[in-house]
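In what follows, every chain begins at residue 1, and chains take the letters A, B, ... in the order their sequences are listed. We use all heavy atoms of the structure for the numbers below, so side chains are in, but hydrogens, waters and symmetry mates are not.
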Number of protein chains: 2
Amino acid sequence: MNIYDISKAAGVSIASVSRVINGADNVSEKTRKKVMDIIDEYGYTPNAYARGLGRGSMKTIGIMCSDSSDIYLANAIYYLETELRKNGYNSILCCTGYDLENKKAGFELLKSRQVDAFILAGSKFVEKKLEDDQYIIDGAKEHPVMLVNGFIDADNVYSTTCDDKGGMKDAFIKLYESGSKNIIYVYSSDSYSGMQKIEGVKAGAKKCNIPEKNLRIIKGHKSYYDIARLLDEEYAREPFDAIITSSDTSGVGAVKFAVKRGLRIPEELQIVSFNNSKLAEASTPELTSVDTMLQELCSKTCKSLMKLLNPEVDADGNSIPVSVPKRTIVKAKLVKRETTRF
Amino acid sequence: MNIYDISKAAGVSIASVSRVINGADNVSEKTRKKVMDIIDEYGYTPNAYARGLGRGSMKTIGIMCSDSSDIYLANAIYYLETELRKNGYNSILCCTGYDLENKKAGFELLKSRQVDAFILAGSKFVEKKLEDDQYIIDGAKEHPVMLVNGFIDADNVYSTTCDDKGGMKDAFIKLYESGSKNIIYVYSSDSYSGMQKIEGVKAGAKKCNIPEKNLRIIKGHKSYYDIARLLDEEYAREPFDAIITSSDTSGVGAVKFAVKRGLRIPEELQIVSFNNSKLAEASTPELTSVDTMLQELCSKTCKSLMKLLNPEVDADGNSIPVSVPKRTIVKAKLVKRETTRF
């Protein structure tokens, strides 16, 4: 019997049944008895309840992303929604922009829509100051919060990240081993993931015995033209023979710079970009890019979430404690295309 | 008096009051009389109703899109959310995929979240058979439905579309006038918008006195490689000197074909793509592309919606009838870059 059947049989409202089942205080003894008698007689299907019939849950996950026009995030949303739908869950999305107040408002909005859990897509939700993430930590007291490509150390917050650092380190070493001795790194974001990538570049340089002071790291805006212009200025100052970029967008900028300068790719200049999005393939020549395994990140996130929301039940009907790691790390993969010699 | 007060005073359900106010058929004469008597006696505040005070509105718009990983749609979502937020509205998004059943389920989900209106982004919601859009037509009886880049002729459904046909016609004529006499058109979708584009190509050819039987129109899958391979086969059969594509993705495929064939762009081969998304600029050489004015489409959609949801009130407190055209058409714009000689 589900909550509707019980409500009907006991002659009390669904809300009352729900209150009894949840052990709430504000129920009269008479009502409680009516409901419990029915349950004792006909049984009750807590699974149906877990599925949300009782709590007004609608098997819906709230997804937040900072910017749906970002190709990486647009793909994340796509993977998450597809995976959730496969598991019988709907999702509603709130695009918040980059402003903290709007992020908080978006979180509240989803909460008010009675979502069963939150998925926060992209590293932009991990603020510089932990106190700015208090709204997430508080929210996690009520519902699980899953972070895709970000990490916050708090109860009921689970994160799945890619080993960006390892991916960058690997790219640097491959470029060096294939003959590029003067490698420049261009990045555009100081986010958590952005910092990890710089660490990776440094680790790669160290492995190749390049002193950190000889390492060229420059910061630009995330647009093809800005990156191309910036690289052109740097090249005029002192030529380089390989570029690593922190995104595919910047990788496209690097290609435009090379074409304008008349540098042959990959003979005179090698390029490795990051994310392995559609842009990497759209570029001519096609970009060698570090794949951050977004689809796997999203799929692992959803798998953990399903475990959390639908705990298994033992023979006595007691739910078995769920073992979901607070942090899951996925290895990055270098996808070789036309802008490198290896 | 709002809808709740009327429901209470008349002793009928809120749904019945709503039906009476909306002039729906499925109301008994008795119920209708009860409701109208109360309204006649105490008055009724349609503005409050429209603003949702009666109905528990949370100033939230439901947005549906078929595929958030599509760059065009990802941008549409971004523009819509930004514009709505500026007007003090939240939005929740449901990505439905291309399957009709999932579209219907997504629509129901948003409805259950008490949205004030729907925005359906992309031409994929206009089905081949009008009866398959009945869920939209029915939904529009309760809340306005705004279509971005699609048209359905029904009450309370408003559409904003780009003049895709005119844009394509213009592109064809420009290519012809700049010397390309053998133009091929590659497309990948039979949607409403897809059909309009073919009409535009035909209209352009007619204007240039090219008989329709001499017009080369081929259909491919929406991937760089498929389009490139398809063009290569067609070129082997009979060379052409210009390509028009129905999307920027296919435009990138056309560039890849040209580079592989060793054709110089734009000297030996001109290319015009469609949508003017980030991909058009990411391509090297950069693609001349028909801008479908997505931002303007989205902004006009939101402007009309705000008028519908917040009708002005005259001195006596009566709402002034809203004049929102059922169909708004925005002119396309050809953005010239490196793949054309004009």
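When the shell of 6.0 Å around NZ of Lys111(B) is examined, it contains more than 12 heavy atoms from other residues, nucleotides or ligands.
Of the atoms belonging to Leu109(A), it is side-chain heavy atoms, and not backbone ones, that fall under 4.5 Å from chain B. Residue Thr284(A) touches chain B through both its backbone and its side chain, counting heavy-atom pairs closer than 4.5 Å. In this structure, the portions of Ser68(A) lying under 4.5 Å from any heavy atom of chain B include both its backbone and its side chain.
Taking both residues in full, the closest heavy atoms of His143(A) and Asp116(A) are given as ND1-O, 3.4 Å, listed atom of the first, atom of the second, then distance. Closest approach of Thr160(B) to Leu297(B), counting heavy atoms only: CG2-O, 3.9 Å.
In terms of modelled atom types and a separation under 3.5 Å, the side chain of Glu234(A) and the main chain of Leu230(A) share no donor-acceptor contact. Asn87(A) places no side-chain N or O within donor-acceptor distance of the main-chain N or O of Tyr89(A), the cut-off being under 3.5 Å. No donor-acceptor pair closer than 3.5 Å links the side chain of Arg341(B) to the backbone N or O of Gln270(B).
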Verdict with supporting geometry, Ile244(A) and Ile184(A), side chain to side chain contact (heavy atoms under 4.5 Å, CB included) = CA-CA 6 Å; Ile244(A) 305 180; Ile184(A) 190 166; over 6 Å; no

Test Ile271(A) against Thr340(A) for side chain to side chain contact (heavy atoms under 4.5 Å, CB included), laying out the working first.
-> CA-CA 6 Å; Ile271(A) 304 171; Thr340(A) 48; over 6 Å; no

Audit row: Thr339(B), Val272(B), side chain to side chain contact (heavy atoms under 4.5 Å, CB included) steps and yes/no | CA-CA 7 Å; Thr339(B) 55; Val272(B) 175; 5.8 Å; no

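Salt bridge status for Asp232(B) with Arg229(B): absent, with no side-chain N to carboxylate O gap under 4.0 Å.
Residues of residues 93-108 of chain A having a heavy atom under 4.5 Å from any heavy atom of chain B, listed by number: Leu93(A), Cys94(A), Cys95(A), Thr96(A), Gly97(A), Asn102(A). Along residues 245-258 of chain B, the residues that come nearer than 4.5 angstrom to chain A, judged on non-hydrogen atoms, are Val252(B), Val255(B), Lys256(B) in order of number. When the heavy atoms of residues 285-296 of chain A are compared with those of chain B, the residues falling under 4.5 Å are Glu286(A), listed by number. Of residues 77-84 of chain A, those residues with a non-hydrogen atom less than 4.5 Å from any non-hydrogen atom of chain B are, in numerical order, Ile77(A), Tyr78(A), Glu81(A).
Asn275(B) and Ser277(B) share no side-chain donor-acceptor pair at under 3.5 Å. Remark: the Ser191(B) side chain and the Ser193(B) side chain contain no N/O donor-acceptor pair separated by less than 3.5 Å.
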